[in-house]
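Order of the sequence lines sets the chain letters (A, B, ...), proteins ahead of strands, with each chain counted from 1.
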Number of protein chains: 2
Amino acid sequence: MTEGREPPARRRDAAATRAALLAAATELFNERGFDRATVRDIAERAGVNQALLFRYFGTKDELFALVIANRSRELINSAPPERLVGRTLDLLLDPDSPKRSANPLVALLRSSSHDEAAAAIRAELGDEYTGALAALTGAEDADVRAVLVLAWLLGIGLLRSVLPTEPLASADPQAVRDHVLRAVRTLLERVDIRPGE
Amino acid sequence: MTEGREPPARRRDAAATRAALLAAATELFNERGFDRATVRDIAERAGVNQALLFRYFGTKDELFALVIANRSRELINSAPPERLVGRTLDLLLDPDSPKRSANPLVALLRSSSHDEAAAAIRAELGDEYTGALAALTGAEDADVRAVLVLAWLLGIGLLRSVLPTEPLASADPQAVRDHVLRAVRTLLERVDIRPGE
DNA sequence: CGGCAATGTAAGCGAGTGCTTACAACTTGT
DNA sequence: ACAAGTTGTAAGCACTCGCTTACATTGCCG
């Protein structure tokens with residue numbers, strides 16, 4: 001895992017530090033949201049000088065946009081639409097990923113409104129996600145229904161990250177998943193309820 | 001509206017400025033969350049010197065706690081449990097209250113984790129709200145179901161305040177309310193679906 | 001009135017923020 | 001091997017934040 005192939009493990013490696021910064025930023029934005037994740041913290045977690053963050057990403061805003069775009073697309077493409085809700089729930093409820101991996105959209109929400117660029121990304125990704133979900137119903141107001149489902153997932157992720165003591169943390173993920181999926185089927189009749197993976 | 005009765009409208013009035021600060025803080029915490037609502041902005045909107053904020057409330061944290069406690073209790077007591085979800089939805093979806101009145105719990109969530117005092121309040125109010133909701137089902141895991149419903153309401157409020165262009169803004173509030181309530185009945189069989197007020 | 005607490009004001013302190021700059025250390029192509 | 005470009009480092013600048021302090025003004029009560 002330390003070194004792979006081609007370049008014989010250089011001691012100075014731009015690509016590696018860039019990746020380390022990206023990983024650290026992903027974690028911290030998820031854990032704390034945009035405002036409370038400082039560039040110094042990100043650089044420190046990456047084990048890297050903070051000036052490099054600006055060399056490689058230009059701005060904290062740009063870094064944030066990159067992180068969100070990456071992880072959101074990744075999530076949206078990780079399952080077919082019928083299983084997207086279930087898949088997202090699995091990630092949100094996975095106790096092994098209290099911070100690290102799961103919830104890019106939650107990080108987005110948690111970072112209130114800060115600049116226009118990020119706002120555009122927000123809208124775009126929201127559209128992408130709800131677009132996928134809206135295909136799961138024949139109802140006229142498919143988009144409204146899809147947005148409502150998205151809102152639920154976001155709320156669950158947020159609550160879990162803000163109130164770690166809530167019953168959600170200790171509840172059986174399968175049972176929670178089941179509750180949500182059955183309720184969601186009221187809105188999107190074609191969602192797949194079976195356990196995924 | 002300017003002056004009521006007893007004290008003949010004093011030019012210097014501690015109670016009045018305290019109230020102005022509280023109102024301004026309520027608005028700004030709702031609009032921007034804890035971090036981005038600065039004490040300078042709050043004081044300015046209240047038309048008051050910012051030092052007074054600290055004289056009357058001690059700390060930004062304490063002011064926040066007060067605002068949240070006030071408005072949450074107000075909300076929870078504004079309807080019997082069977083109608084609490086519907087009532088909250090009405091407030092969240094009311095287009096006339098994009099910022100001002102409706103969503104104390106949303107403001108809470110939007111303010112990520114900042115200090116232990118607020119965290120305690122968060123937990124306490126969450127318990128209060130979910131306690132009311134949990135009474136609406138006979139299921140064993142009533143608390144989990146209640147938390148899921150709370151999460152949905154929070155998600156809806158957050159999405160609405162962060163993506164004002166979403167279909168939620170232009171959708172018919174009654175229809176949205178109906179969708180959510182019917183889905184929620186999957187979890188809490190005793191919720192009242194009829195339009196309130 | 002005169003004294004005093006209550007109320008309001010102006011200025012700034014210390015800490016933390018995003019970001020920049022000037023420079024050292026390394027790697028590489030020739 | 002050596003210059004040139006790349007990568008890493010240390011320091012600090014300009015700004016904003018929550019909060020404090022020292023001082024002016026007002027209203028109240030004997």
Side-chain angles (χ1 to χ4, degrees), chain A residues 3 6-25 28-29 31-68 110-118, chain B residues 3 6-25 28-29 31-68 110-118:
Chain A
E3 69 247 30
E6 301 257 11
R10 319 195 303 165
R11 298 186 39 213
R12 301 166 79 115
D13 182 344
T17 66
R18 226 192 89 107
L21 281 168
L22 212 61
L28 282 168
F29 284 142
E31 290 175 34
R32 307 188 196 166
F34 181 84
D35 282 333
R36 299 192 114 93
T38 69
V39 297
R40 286 173 171 80
D41 289 342
I42 293 171
E44 188 188 2
R45 181 168 300 192
V48 150
N49 188 288
Q50 67 149 317
L52 298 178
L53 188 153
F54 296 97
R55 171 124 68 204
Y56 293 133
F57 298 98
T59 271
K60 190 190 180 190
D61 276 348
E62 296 178 59
L63 172 59
F64 182 68
L66 207 68
V67 165
I68 295 299
R110 208 178 193 179
S111 311
S112 34
S113 56
H114 63 291
D115 78 331
E116 299 196 11
Chain B
E3 68 248 31
E6 300 257 13
R10 320 194 303 162
R11 297 187 37 214
R12 301 167 76 115
D13 183 344
T17 67
R18 227 192 87 107
L21 281 167
L22 212 61
L28 282 167
F29 284 143
E31 290 176 33
R32 309 187 194 166
F34 181 83
D35 282 332
R36 300 192 113 92
T38 70
V39 295
R40 284 171 173 82
D41 288 344
I42 293 172
E44 187 188 5
R45 182 169 300 193
V48 151
N49 189 288
Q50 67 150 315
L52 298 179
L53 188 153
F54 296 98
R55 170 127 64 206
Y56 293 132
F57 299 98
T59 270
K60 189 190 178 188
D61 278 348
E62 296 176 60
L63 172 59
F64 182 69
L66 206 70
V67 165
I68 294 299
R110 209 177 191 179
S111 312
S112 33
S113 54
H114 64 290
D115 79 331
E116 299 195 11

### Nearest-nucleotide comparison on DNA chain C, the residue closer to the 5′ end among A:Asn49 and A:Arg55
A:Asn49
From [options], pick the nucleotide closest to the side chain of [X]?
X	options	value
A:Ala51	C:dG8, C:dT21, D:dT21	C:dT21
A:Lys60	C:dG18, D:dG8, D:dG18	C:dG18
B:Thr59	C:dT17, C:dT9, D:dC19	D:dC19

### Message
Using OP1 and OP2 only, check whether a side-chain N or O of A:Tyr56 sits under 4.0 Å from D:dG8.
### Response
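For D:dG8, OP1 or OP2 has a side-chain N or O of A:Tyr56 closer than 4.0 Å.
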### Query
Using a cut-off of less than 4.0 Å, is there contact between a side-chain N or O of A:Thr38 and OP1 or OP2 of C:dG16?
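Result: no.
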### Query
Does CD in A:Glu44 sit with more than 12 non-hydrogen atoms of other residues, nucleotides or ligands closer than 6.0 Å?
no
Whole-Å gap separating [atom2] ([N]) and [atom1] ([X]):
X	N	atom1	atom2	value
A:Ile42	C:dC19	CD1	C1'	13 Å
B:Glu44	D:dC17	CD	P	11 Å
B:Phe64	D:dC19	CZ	P	13 Å
A:Asp61	C:dG18	CG	C1'	10 Å
A:Leu53	C:dC19	CG	P	8 Å
B:Leu52	D:dT26	CG	P	15 Å
A:Arg36	C:dG18	CZ	P	12 Å
A:Gln50	C:dC19	CD	P	10 Å

### Query
Considering all heavy atoms of both residues, which atom of A:Phe54 and which atom of A:Thr59 are nearest to each other, and what is their separation?
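Answer, listing the atom of A:Phe54 first, then A:Thr59: CD2-CA, 4.4 Å.
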### A:Leu21 to A:Ala43 - nearest heavy-atom pair and separation
CD2-CA, 4.1 Å
### Query
Below 3.5 Å, does any donor atom in the side chain of A:Arg40 face an acceptor in the base of C:dG18, or the other way round?
yes
### Task
Would you please test A:Val48 and A:Leu53 for side-chain contact (heavy atoms from CB on, under 4.5 Å) and show each step?
CA-CA 8 Å; A:Val48 150; A:Leu53 188 153; over 6 Å; no
### Message
Determine whether a donor-acceptor pair (N or O, by modelled atom type, separation under 3.5 Å) exists between the side chain of B:Lys60 and the backbone of B:Phe34.
### Response
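Such a contact is found between B:Lys60 side chain and B:Phe34 backbone.
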### Task
Give B:Ala43 one of three labels, base, sugar-phosphate or nothing, depending on what nucleic acid heavy atoms sit under 4.0 Å from its own.
nothing
